Structure formats: structure tokens, C-alpha cells
Amino acid sequence: MQDVMEVTALFLGFGGLILVYVSLEDQYWKESTQDGSVILTSAVYENLWMSCASDSTGVYDCREFPSLFALPGYIQASRALMIASILFGAFGLVATLVGMQCTKVCGENYVLKGRIAAIGGVFFLLQGLCTMIAVSWYAANITQQFFDQLYAGTKYEIGQGLYIGWSSAVLALCGGSCLLCACKLNSPSEKTSYPYQPGSRRHMLSTVATSQAAPSNYGRNAYV
């Protein structure tokens with residue numbers, strides 16, 4: 001049961017890490033709304049790194065954001081959180097591979113392997129939390145601008161890149177939870193100690209006493 005949970009957690013964490021990359025590469029984190037437009041001549045869509053525009057003929061052009069400090073604060077924070085998510089996911093993947101019971105790393109020291117696997121689960125949870133915060137924060141700003149009647153700029157809607165990010169966060173959180181549950185199931189078996197055998201100890205003491213008393217009896221009989 002524990003091995004199954006560890007393998008499941010490994011695949012969930014790995015899937016979440018892959019989806020983080022897919023989400024970052026996706027250009028459709030937000031796309032210009034078509035609400036109220038009769039004739040669609042162009043569309044604008046953005047992610048954390050660039051802004052793109054396409055016309056009705058299918059021709060599109062993308063440009064990277066020229067300045068980091070000129071960007072809104074939530075985009076800078078989302079960038080940092082997504083990069084931290086990748087680092088946490090990579091650390092969690094390595095720690096899980098080392099701490100799994102079916103691997104030969106760390107030998108037969110299952111107590112140490114269980115602790116390393118628990119650390120991997122914590123890294124997966126941190127990965128999921130960072131991704132969830134970054135994606136949700138980005139989506140909250142899109143929603144706020146969309147329903148703000150005083151906002152005069154281009155209004156956007158939530159793109160597919162955010163949904164991929166949410167999926168990544170859910171997978172990572174599930175993987176970390178499964179790994180911690182597997183380590184919790186293994187914790188009672190780690191506290192094994194040598195059983196106390198009072199009978200064997202009593203037998204050993206009686207044997208020693210008999211061996212010590214035998215020479216004294218032999219000595220008394222020799223002088224009779």
C-alpha cells in the first residue's frame with residue numbers, strides 16, 4: 001500500500017511539474033474580450049513574458065515586455081512564484097526518488113528514507129501553493145479589470161494558460177498529500193525496538209549461578 005501511494009505521489013508531482021512548464025510557455029494567459037464586438041478585426045493575448053496580437057487573416061506578432069520594472073506588481077510577483085514553483089517541484093521530485101522504499105538509495109535505512117520522502121512531499125505542497133497563488137492572483141486582476149466600469153483600457157478574459165496552471169497546482173497538492181500520508185503510514189513500523197525477553201535473562205542468570213556453585217560442591221566432597 002505504501003509503495004503504491006509513493007508511486008502515485010511521484011507521478012502526480014511529476015505531472016504537476018510538467019504542467020508548470022506548459023503553462024509558462026502558453027501565450028494565452030489572458031486574451032482580449034469579444035463581448036459587445038460585432039466585427040472582430042484583431043485579438044490581443046498575453047502571458048507573463050510577452051504580448052501578442054493577431055488579425056482576422058491569422059497573421060500574428062509577439063513582442064517581449066521591454067522592462068521588468070515597468071510591469072505591474074502582480075505580474076512580477078507571478079513570475080517569481082512560478083519560478084519558485086519550478087524549483088520546489090524539482091527538489092520534490094529528487095527527494096521523492098531518493099526516499100521511496102523501492103529504491104536502493106540510502107541502503108536499508110528506511111527511517112532516513114521516510115524522512116527524505118516527507119521532505120519531498122513538503123516541496124510538492126510548496127510547488128502547488130506557489131502555482132495556485134500566482135495563477136489565482138493573475139486571474140483576480142483580470143476579473144477586477146473586466147468588471148470595473150471605470151477601467152478605460154483593454155479588457156481581457158481568462159485564457160487557457162491559467163487553467164493549465166490550476167491543473168498543475170491541483171496535481172502537485174495531491175502528490176504532496178499522498179506522499180505525506182504514505183510517510184505517516186510508515187511511521188509506526190519505524191519505531192521498532194528489540195523485544196524484552198525476561199525468561200531468557202532468568203535462564204542465563206540461573207546457568208551462571210549453577211556454574212559458580214559447582215566448584216564449591218566439588219571442593220567440600222574432596223575433604224570428606
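The model shown is predicted, which means the values in this text are computed figures rather than measured ones. As a basis for the values below, the full set of heavy atoms in this structure was taken, side chains included, without hydrogen atoms, waters or symmetry mates.
- The two residues Met5 and Cys181 have their closest heavy-atom pair at CE-CB, 3.5 Å.
- More than 12 heavy-atom neighbours from other residues, nucleotides or ligands sit within 6.0 angstrom of CZ on Phe65.
- Here Phe88 contributes atom CZ and Thr131 contributes atom OG1; the two are 10.5 Å apart, rounded to the nearest 0.5 Å.
- A continuous path of Ile, Leu, Val, Met, Phe, Trp and Tyr side chains, each step under 4.5 Å between heavy atoms, connects Ile18 with Leu97, placing both in one hydrophobic cluster.
- Considering all non-hydrogen atoms of both residues, Glu6 and Met100 come closest at OE1-CA, 3.5 Å.
- Taking the six-membered ring where the residue is Trp, Tyr28 and Tyr45 present parallel rings, their angle staying beneath 30° rather than reaching 60°.
- Note: the hydrophobic cluster containing Leu68 also contains Trp29 (ILVMFWY, side chain heavy atoms under 4.5 Å, direct or indirect links).
- Tested against Phe124 for a side-chain contact (heavy atoms from CB on, under 4.5 Å), the candidates Leu171, Thr96, Leu180 yield a single pass: Thr96.
- Neither side chain, Ser23 nor Trp166, offers a donor N or O lying under 3.5 Å from an acceptor on the other.
- Under the ring-ring contact (aromatic ring centres under 6.0 Å, His included) rule, Tyr138 has a single partner from Tyr74, Tyr156, Tyr163, which is Tyr74.
- Within the 4.5 Å cutoff, side-chain heavy atoms of Leu24 are placed close to those of Trp49.
- Looking at every heavy atom in both residues, Gln76 comes nearest to Leu71 through NE2-O, 3.1 Å.
- Under the 4.5 Å side-chain criterion, counting only non-hydrogen atoms from C-beta, Leu173 is not in contact with Leu12.
- One finds the CD atom of Gln145 at 9.5 Å from the OG1 atom of Thr143 (value rounded to the nearest 0.5 Å).
- Contact of the Gln127 side chain with the Phe91 side chain is not registered, since no non-hydrogen atoms from C-beta on lie closer than 4.5 Å.
- Considering all non-hydrogen atoms of both residues, Asp26 and Gln160 come closest at OD2-NE2, 2.9 Å.
- In this structure, CG in Leu48 is found 9.0 Å from CD1 in Ile83, a value given to the nearest 0.5 Å.
- Side chains of Ser32 and Thr154: a donor-acceptor N/O pair is absent below 3.5 angstrom, by distance only.
- The cluster map of Ile, Leu, Val, Met, Phe, Trp and Tyr, joined by side-chain heavy atoms under 4.5 Å apart, puts Leu162 and Met50 in different clusters.
- Ile86 contributes atom CD1, which lies 5.0 Å from atom OH of Tyr21 (distance to the nearest 0.5 angstrom).
- Within the 4.5 Å cutoff, the side chain of Lys30 has no heavy atoms near those of the Asn141 side chain.
- In terms of heavy atoms, Leu179 sits closest to Gly120 at CD2-C, 3.7 Å.
- The CE atom of Met82 lies 6.5 Å from the OG atom of Ser168; values are rounded to the nearest 0.5 Å.
- Annotation for Cys130 and Leu81: closest pair CB-O, 3.5 Å, computed over non-hydrogen atoms.
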